[in-house]
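Encoded as structure tokens, the structure appears first; notes follow it.
Fair warning: this is a prediction, and the values are worked out from it, not measured in the lab.
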Number of protein chains: 2
Amino acid sequence: MPALDGTVVPRRRRLEPEARREQILAAAVAWFAEVGFAGTTRDLARRAGVTQALLYKYFASKAELTEAVFERVYLGRLDPRWLDELRDRRMPLHARLCRFYRQYTAAIFTYEWMRIFMWAGLAGDALNRRYLGHVGERLLAPMGQEIAAATGHAPGMEDLWNLHGGIVYIGIRRFIYRLPTPEDPGPAIDAAVARFLRAP
Amino acid sequence: MPALDGTVVPRRRRLEPEARREQILAAAVAWFAEVGFAGTTRDLARRAGVTQALLYKYFASKAELTEAVFERVYLGRLDPRWLDELRDRRMPLHARLCRFYRQYTAAIFTYEWMRIFMWAGLAGDALNRRYLGHVGERLLAPMGQEIAAATGHAPGMEDLWNLHGGIVYIGIRRFIYRLPTPEDPGPAIDAAVARFLRAP
DNA sequence: CCAGTTGTTGATCGTTTGATCACCTAAGGC
DNA sequence: GCCTTAGGTGATCAAACGATCAACAACTGG
């Protein structure tokens with residue numbers, strides 16, 4: 001089909017199934033992050049640049065598509081090396097905590113992750129609670145052990161959640177409430193960690 | 001209409017418009033808090049114990065109903081006396097901050113408020129940002145002045161948001177993520193305030 | 001160049017949604 | 001008791017929703 005400028009503009013572009021599925025999934029992540037899982041498949045298809053019917057060639061239902069969005073967003077987000085580095089006592093505790101939270105926030109302070117995590121939390125998704133259970137047991141608890149070993153005083157889990165929440169709240173302010181926040185959360189993280197360690 | 005047990009069960013109960021509107025609004029707050037504003041008017045009506053058509057005798061549209069839910073949830077939630085008490089220097093700073101955050105969390109740590117606030121935040125509601133702007137300018141900023149006056153060192157706004165976020169995150173864990181938290185947030189608040197004031 | 005494969009589409013189905021209507025009936029004044 | 005008022009209901013509409021299907025057309029191998 002020749003366009004006005006003479007170039008050929010095919011109305012349909014055939015993609016390999018893998019590429020097309022990836023394109024739809026990426027659009028779904030962005031779309032559901034913005035409007036939540038109540039967003040319609042028609043608007044999603046328009047945003048992805050495909051027809052609504054095509055969605056159902058790659059995902060059997062809307063539920064299966066949202067499931068794929070969950071997996072994409074959650075999977076591989078927590079780097080197992082973080083725990084090893086948290087426990088590497090060759091480095092001062094303060095530096096380890098700052099490094100961890102800079103890495104952690106670099107991983108989750110994205111528009112897609114923060115918002116989909118919050119949508120899923122409100123919807124009562126189980127994956128959400130499992131993720132936070134993992135954070136508490138596999139990250140915060142060991143972190144508490146390191147703090148106890150270095151300072152001689154073991155913080156309670158509620159103290160650790162307070163440290164964690166104060167830092168994560170930066171991302172909530174920015175991506176959920178769309179309030180202005182420092183471009184780089186690093187200094188705020190350092191200050192929060194310093195305050196936390198200064199206390200007995 | 002006589003029921004099986006002989007008592008008269010009127011199929012329709014007439015209520016004064018004020019009482020009926022209040023009943024619907026209360027049900028709407030609870031319902032939208034649970035499932036978000038994408039919840040259907042039919043399910044809401046069933047929950048309120050009225051017919052769906054009746055909703056539209058008291059609210060012109062679903063948008064007007066959600067607007068009323070917003071007002072109900074937001075309005076009068078911030079007590080102006082809190083600011084006065086924060087500035088009352090006859091009491092030690094530490095005690096003032098603890099008292100404030102105990103009152104503040106007592107006001108907002110409810111299933112309805114926390115969840116509707118989060119739903120509205122994700123939806124991009126303007127009332128949400130206005131509320132948090134108010135918190136920053138009318139509560140956190142004066143709080144910073146009091147801390148500066150008492151300790152000789154003025155905290156930055158980002159530090160204050162960190163204190164605030166760490167405490168609010170208790171409510172987020174409980175009502176948004178449905179994770180177990182201490183029944184009484186008081187001790188955690190005291191500890192967070194103590195840590196914050198101990199730092200220079 | 002052509003035929004077969006298959007990625008893609010427009011049209012459409014049944015259901016659910018917000019919203020409206022004519023009609024019904026409970027309650028209060030006489 | 002009766003009649004007027006007004007709170008409440010069942011039925012229904014148009015639009016939007018998730019999902020399906022036959023038909024189309026872009027690419028591949030020959």
Please report the distance, rounded to the nearest Å, between [atom1] in [X] and [atom2] in [N].
{"X": "A:Glu64", "N": "D:dT20", "atom1": "CD", "atom2": "P", "value": "11 Å"}
{"X": "A:Arg14", "N": "C:dG7", "atom1": "CZ", "atom2": "P", "value": "6 Å"}
{"X": "A:Leu54", "N": "D:dA19", "atom1": "CG", "atom2": "C1'", "value": "14 Å"}
{"X": "A:Leu65", "N": "D:dG18", "atom1": "CG", "atom2": "C1'", "value": "12 Å"}
{"X": "A:Arg21", "N": "C:dT8", "atom1": "CZ", "atom2": "P", "value": "14 Å"}
{"X": "B:Arg46", "N": "C:dG18", "atom1": "CZ", "atom2": "P", "value": "12 Å"}
{"X": "A:Leu55", "N": "D:dA19", "atom1": "CG", "atom2": "C1'", "value": "11 Å"}
{"X": "B:Lys57", "N": "D:dT9", "atom1": "NZ", "atom2": "P", "value": "11 Å"}

Name the pairs: protein N/O against N/O of nucleotides 13-17 of chain C, kept only if under 3.5 Å.
none

Aromatic ring proximity, centroids under 6.0 angstrom, [Y] and [X]:
{"X": "B:Tyr131", "Y": "B:Trp113", "result": "yes"}
{"X": "A:Phe37", "Y": "A:Phe70", "result": "yes"}
{"X": "A:His164", "Y": "A:Tyr104", "result": "yes"}

What does [X] touch in the nucleic acid at a heavy-atom separation under 4.0 angstrom: a base, only the sugar-phosphate, or nothing?
{"X": "B:Gln52", "result": "base"}
{"X": "A:Leu15", "result": "sugar-phosphate"}
{"X": "A:Phe59", "result": "nothing"}

A:Ile116 to A:Phe32 - nearest heavy-atom pair and separation
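Closest approach of A:Ile116 to A:Phe32: CG1-C, 4.4 Å.
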
Residue-phosphate contact under 4.0 Å: A:Tyr56 side-chain N/O, D:dA19 OP1/OP2:
yes

Counting only side-chain nitrogens and oxygens, does A:Arg20 get under 4.0 Å of the OP1 or OP2 atom of C:dT8?
yes

Side chain of A:Thr51 only, please: which of C:dC21, C:dG10, D:dG7 is the nearest?
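The listed nucleotide nearest to A:Thr51's side chain is C:dG10.
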
For the residue pair B:Asp125 and B:Trp119, establish whether any side-chain heavy-atom pair is separated by less than 4.5 Å.
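Heavy-atom side-chain distance check fails, nothing below 4.5 Å.
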
Would a 4.5 Å heavy-atom cut-off, applied to side chains only, mark B:Arg195 and A:Leu163 as touching?
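No, too far: nothing below the 4.5 Å cut-off.
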
Please round to the nearest 0.5 Å and tell me the distance separating atom CZ of A:Arg178 and atom CZ of A:Arg115.
4.5 Å

